[in-house]
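See structure below.
Residue numbers begin at 1 in each chain, while the letters A, B, ... track the order of the sequences.
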Number of protein chains: 2
Amino acid sequence: MSGVDAVLGALADPTRRALLDALAARGQASASALAADLPVSRQAIVKHLTILEEAELVSSARAGREVRYTLRSQALDATARWMASLAGEWDRRLNAIKRAAEAEDQPRRPQ
Amino acid sequence: MSGVDAVLGALADPTRRALLDALAARGQASASALAADLPVSRQAIVKHLTILEEAELVSSARAGREVRYTLRSQALDATARWMASLAGEWDRRLNAIKRAAEAEDQPRRPQ
DNA sequence: TGTAGGTGCAACTATATGGTTGCACAAGGG
DNA sequence: CCCTTGTGCAACCATATAGTTGCACCTACA
């Protein structure tokens with residue numbers, strides 16, 4: 001479950017999310033190609049792609065003189081599951097606490 | 001779907017996640033109480049809680065001289081769904097592109 | 001073989017961010 | 001009424017982060 005940290009950190013930046021969108025549209029693209037889509041330099045794109053790759057949200061493969069990046073949905077999906085189960089956990093605990101509070105209050109008014 | 005930005009930004013910080021954990025354990029707590037759990041000052045906690053509240057991950061309610069914070073699972077759950085559907089979208093697009101690539105290659109070897 | 005397109009590395013800048021401290025103010029409880 | 005406890009505000013600091021520019025280095029290809 002440690003990849004969650006990296007995924008959340010990676011997804012927190014809007015430029016990075018835009019980058020993922022651009023990659024989803026192209027299916028596969030080099031850093032230079034992606035730099036044409038976004039209003040930042042190629043070097044900035046490369047840095048973002050490195051972070052995304054460390055979070056396992058994209059993978060890279062060399063093809064001749066260029067490096068092609070592709071999306072990887074697995075880590076994103078895993079993080080989504082983690083968040084959903086966390087939300088469930090919160091609900092469970094809050095309900096338990098609410099019930100405990102009621103159980104503590106009821107005995108005080110026997111009538 | 002604009003709350004996703006705030007939620008992701010809020011969840012990206014480890015101290016904030018620890019704060020949410022502490023809140024889940026207590027069910028309800030003031031900033032001062034939470035500061036006892038974590039290794040940072042109360043002021044830092046307050047700043048984090050403000051960010052979490054803007055992301056609608058917690059809500060606050062005044063109770064006498066203290067302010068009680070509680071978890072809100074809705075925004076977290078919504079973000080989880082967003083991420084899951086995004087992962088699905090990626091898979092769809094990648095499959096479509098892969099199929100298109102195959103359809104373009106097949107005609108070249110008729111036998 | 002030379003040149004164009006792509007990558008990689010490094011230095012540098014500016015702003016955002018997480019954190020601190022200090023103090024003033026509000027609210028309950030002896 | 002005083003003292004404790006909690007909050008709110010502001011200034012301040014240090015580092016992380018997003019971004020830039022400049023240049024060297026491959027690799028395809030005409």
Side-chain angles (χ1 to χ4, degrees), chain A residues 2-23 25-71 79, chain B residues 2-23 25-71 79:
Chain A
S2 78
V4 167
D5 303 43
V7 171
L8 290 175
L11 288 181
D13 183 75
T15 302
R16 235 127 52 199
R17 288 198 301 273
L19 204 44
L20 292 173
D21 282 348
L23 256 184
R26 293 170 169 265
Q28 194 176 53
S30 68
S32 298
L34 289 166
D37 284 17
L38 302 180
V40 293
S41 70
R42 174 186 61 94
Q43 292 300 336
I45 301 275
V46 170
K47 286 188 190 178
H48 284 308
L49 284 171
T50 302
I51 291 171
L52 289 171
E53 189 166 20
E54 278 165 2
E56 299 188 336
L57 288 169
V58 305
S59 63
S60 66
R62 180 134 225 155
R65 70 181 157 185
E66 63 182 32
V67 178
R68 305 263 176 75
Y69 292 86
T70 48
L71 295 174
T79 304
Chain B
S2 77
V4 167
D5 304 44
V7 171
L8 290 175
L11 288 180
D13 183 75
T15 302
R16 235 126 52 197
R17 287 198 300 272
L19 204 44
L20 292 173
D21 282 348
L23 256 183
R26 294 170 167 265
Q28 192 177 53
S30 68
S32 298
L34 290 166
D37 284 15
L38 301 182
V40 293
S41 71
R42 174 186 62 93
Q43 292 302 335
I45 301 275
V46 170
K47 287 189 188 178
H48 285 309
L49 284 172
T50 302
I51 291 171
L52 289 171
E53 189 166 20
E54 277 164 3
E56 300 188 334
L57 288 169
V58 305
S59 62
S60 66
R62 181 134 225 153
R65 69 180 158 187
E66 65 182 33
V67 178
R68 304 261 175 76
Y69 292 86
T70 47
L71 295 174
T79 304

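- If you measure from atom OH of A:Tyr69 to atom P of C:dG6, you get 14 Å, rounded to the nearest angstrom.
- Between the side chain of A:Arg42 and the base of C:dG5 there is no donor-acceptor pair of N/O atoms closer than 3.5 Å.
- For a distance-only test at 3.5 Å, the side chain of A:Gln43 qualifies as a donor-acceptor partner of the base of C:dG8.
- Atom pair B:Glu66:CD and C:dG29:P shows a separation of 11 Å (rounding to whole Å applied).
- Heavy-atom nearest nucleotides on DNA chain D were determined for B:Arg68 and for A:Ala44, and the one closer to the 5' end corresponds to B:Arg68.
- Nearest approach of B:Ala31 to B:Ile45, heavy atoms of both residues: O-CG2, 4.0 Å.
- At distances below 3.5 Å, at least one donor-acceptor pair connects side-chain atoms of A:Arg16 with backbone N or O atoms of A:Ala10.
- Listed here is the closest heavy atom pair of A:Ala33 and A:Arg26: O-NH2, 3.5 Å.
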Review point. Do B:Leu11 and B:Leu57 pass the side chain to side chain contact (heavy atoms under 4.5 Å, CB included) test, and can you show the C-alpha distance, the side-chain angles, and the key distance before you say yes or no?
Key: CA-CA 9 Å; B:Leu11 288 180; B:Leu57 288 169; 4.1 Å; yes
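- By the side-chain hydrogen bond (donor to acceptor under 3.5 Å, both in side chains) test, B:Ser60 is found to be paired with B:Glu53, residues two or more places apart in sequence or in another chain being considered.
- Contact between the side-chain N/O atoms of B:Ser32 and the OP1/OP2 oxygens of D:dT5 is not found at any separation under 4.0 Å.
- The side chain of B:Ser41 places an N or O atom within less than 4.0 Å of a non-bridging phosphate oxygen (OP1 or OP2) of C:dT20.
- Using a 4.0 Å heavy-atom distance criterion, A:Arg62 is classed as a sugar-phosphate-only contact.
- Non-hydrogen atoms lying under 4.0 Å from DNA chain C are contributed by B:Asp13, B:Thr15, B:Arg16, all within residues 8-23 of chain B.
- The NZ atom of A:Lys47 sits 12 Å away from the P atom of C:dA11 (whole-angstrom rounding).
- When all heavy atoms of B:Val7 and B:Ala55 are compared, the pair lying nearest together is CG2-O, 3.6 Å.
- Atoms CD (B:Glu54) and C1' (C:dT17) sit 14 Å apart, rounded to a whole Å.
- Considering only side-chain N and O atoms, B:His48 lies nowhere under 4.0 angstrom from the phosphate OP1 or OP2 of C:dT17.
- Rounded to whole angstrom, the span from the CD1 atom of A:Ile45 across to the C1' atom of C:dG5 amounts to 17 Å.
- Closest approach of B:Val58 and B:Leu20 over heavy atoms only: CG1-CD2, 3.8 Å.
- When the C1' atom of D:dA28 is taken as reference, atom CZ of A:Arg65 falls 5 Å away, rounded to whole Å.
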